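Working notes, beginning with the structure itself.
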Amino acid sequence: MTGDRVDRAPSAVLIGFMGAGKSTVGRILADRLGVDFIDTDTEIVRTTGRSIPDIFTTDGPQRFREIECDVVLGVLRTHRGVIALGGGAVMTPAIESALAGHRVIYLRIDADAGFARVADSDRPLIVGDDPQTRYADLLAERDATYTRAAVFTVDAAAGDAGTVADEILTELAHALVGERVGERAVNS
Ligand code: S3P
């Protein structure tokens, strides 16, 4: 990223599967960086005035992805703090493309730990028969995309949310040094 782009970009964009802790870690990270935090699922609920399960059930998953795409692209353009994306957002090609060049961090969670965190939630993609297998299958399907879209990956189950946020801060510091080195090489 050039210096100009860095100044206008979000501080960090957290991606990963349901239950990875993107929102909890994102809030702590934003606090430690002294910037604002935004969760795109919350933004979808705020702008539509509807719940995510309602959009999925009434309008269908495709419509949800369209709404999500509009919201995420808008937030990427305007938000300067930490952003947590909904777990499926990166699977939309326009969103994956828009993430290129941003400080994208993949919070990786294994299927057992992740499912235990969301088993009692109302997430529309894991309702129905055998939600645990559905969770594990979807995670396996998406892992390569999350990895490809990210600048680095952290183990989301390695400690509490504060520990994960600290790990991200350390990695971000390295990434920032890399950006400055790249900038100097471009400008020299
Ligand atoms: C989804 C993840 C959810 C939410 C929606 C779809 C997904 O967000 O956007 O239920 O496709 O993985 P979280 O990752 O915040 O749970």
Side-chain angles (χ1 to χ4, degrees), residues 10 12-30 36-76 79 81-99 102 104-150 153-158 160-161 164-165 168:
V13 184
L14 306 188
I15 62 169
F17 203 41
M18 297 177 267
K22 301 176 294 285
S23 303
T24 312
V25 171
R27 246 178 233 108
I28 296 171
L29 183 64
D36 290 333
F37 170 73
I38 199 165
D39 174 308
T40 58
D41 281 344
T42 307
E43 199 54 17
I44 290 169
V45 172
R46 191 184 68 77
T47 55
T48 61
R50 300 167 64 191
S51 73
I52 288 173
D54 175 45
I55 301 171
F56 261 88
T57 335
T58 312
D59 301 358
Q62 200 178 325
R63 180 66 194 133
F64 173 78
R65 295 302 172 197
E66 288 166 7
I67 296 170
E68 179 179 57
C69 190
D70 286 347
V71 167
V72 171
L73 296 185
V75 166
L76 281 175
H79 190 72
V82 174
I83 303 171
L85 298 191
V90 186
M91 305 309 292
T92 298
I95 295 179
E96 190 187 349
S97 303
L99 288 175
H102 287 292
V104 180
I105 300 141
Y106 173 22
L107 269 65
R108 179 182 270 134
I109 189 89
D110 64 85
D112 289 342
F115 183 72
R117 292 180 182 184
V118 298
D120 293 331
S121 75
D122 62 353
R123 285 171 172 82
L125 287 181
I126 49 165
V127 291
D129 291 344
D130 201 358
Q132 186 153 12
T133 302
R134 170 104 178 109
Y135 182 96
D137 289 351
L138 255 184
L139 171 57
E141 213 176 286
R142 292 178 177 179
D143 182 64
T145 306
Y146 292 139
T147 305
R148 184 176 63 222
T153 296
V154 294
D155 179 356
D160 63 15
V164 177
I168 294 174

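Each ligand, and each atom within it, is numbered from 1 in the order the structure gives. Values in this document were obtained by computation on a predicted structure and should not be read as measured data. Atoms considered below: every heavy atom in the structure, side chains included; atoms not considered: hydrogens, waters and symmetry mates.
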query: If you look at every heavy atom in G114 and Y135, which pair is closest and at what distance?
result: CA-OH, 3.1 Å
message: Ignoring hydrogens, what is the shortest heavy-atom contact between M18 and L138? Give both atom names and the distance.
response: CE-CD1, 4.5 Å
field: Contacting atoms of ligand 1, where contact means under 4.0 angstrom from a heavy atom of G88
entry: 1 (C), 7 (C), 11 (O), 12 (O)
query: For ligand 1, which atoms have a heavy atom of M18 less than 4.0 angstrom away?
result: 2 (C), 12 (O), 14 (O), 16 (O)
Under 3.5 Å: N/O of F17 near N/O of ligand 1: no
message: Quick check on contacts: which atoms of ligand 1 are under 4.0 angstrom from a heavy atom of L125?
response: 7 (C), 11 (O)
field: CZ-CZ distance between F64 and R50, expressed to the nearest 0.5 angstrom
entry: 11.0 Å
statement: Here the pair of heavy atoms bringing T40 nearest to V71 is O-CG1, 4.0 Å
query: If you take all heavy atoms of A111 and A136, which pair is closest and at what distance?
result: CB-CB, 3.9 Å
task: Taking only heavy atoms of G86 into account, list the atoms of ligand 1 that are under 4.0 Å away from them.
output: 8 (O), 9 (O), 14 (O)
query: Can you find a non-hydrogen atom of R117 under 4.0 Å from ligand 1?
result: no
Per-atom contacts, ligand 1 versus R123 - under 4.0 Å to a heavy atom: 16 (O)
task: Measure from atom 4 (C) of ligand 1 to every heavy atom in I15, D41, D39 and give the option owning the shortest one.
output: D41
task: Report, in ascending order of atom number, the atoms of ligand 1 lying under 4.0 Å from any heavy atom of R65.
output: 6 (C), 7 (C), 11 (O)
field: Distance-minimising heavy-atom pair for A156 and V164
entry: O-CG2, 3.9 Å
message: One residue to check: M91. Relative to ligand 1, which of side chain, backbone, both or neither has a non-hydrogen atom less than 4.0 Å away?
response: neither
message: Would R108 and T147 count as a side-chain hydrogen bond (donor to acceptor under 3.5 Å, both in side chains) here? Give the steps.
response: CA-CA 9 Å; R108 179 182 270 134; T147 305; 3.2 Å; yes
field: Nearest-contact summary for atom 12 (O) of ligand 1 - protein heavy atom, Å
entry: R142 NH1, 2.6 Å
task: For residues I95 and E68, report the shortest heavy-atom separation together with the two atoms involved.
output: CD1-O, 4.4 Å
- request: For a side-chain contact (heavy atoms from CB on, under 4.5 Å) with L14, tell me which candidate from I168, I83, V104 qualifies.
  value: I168
Ligand 1 atoms in contact with K22 (distance to a heavy atom under 4.0 Å): 13 (P), 14 (O), 15 (O)
message: Give the atom numbers and elements of ligand 1 that come within less than 4.0 Å of a heavy atom of P124.
response: 10 (O)
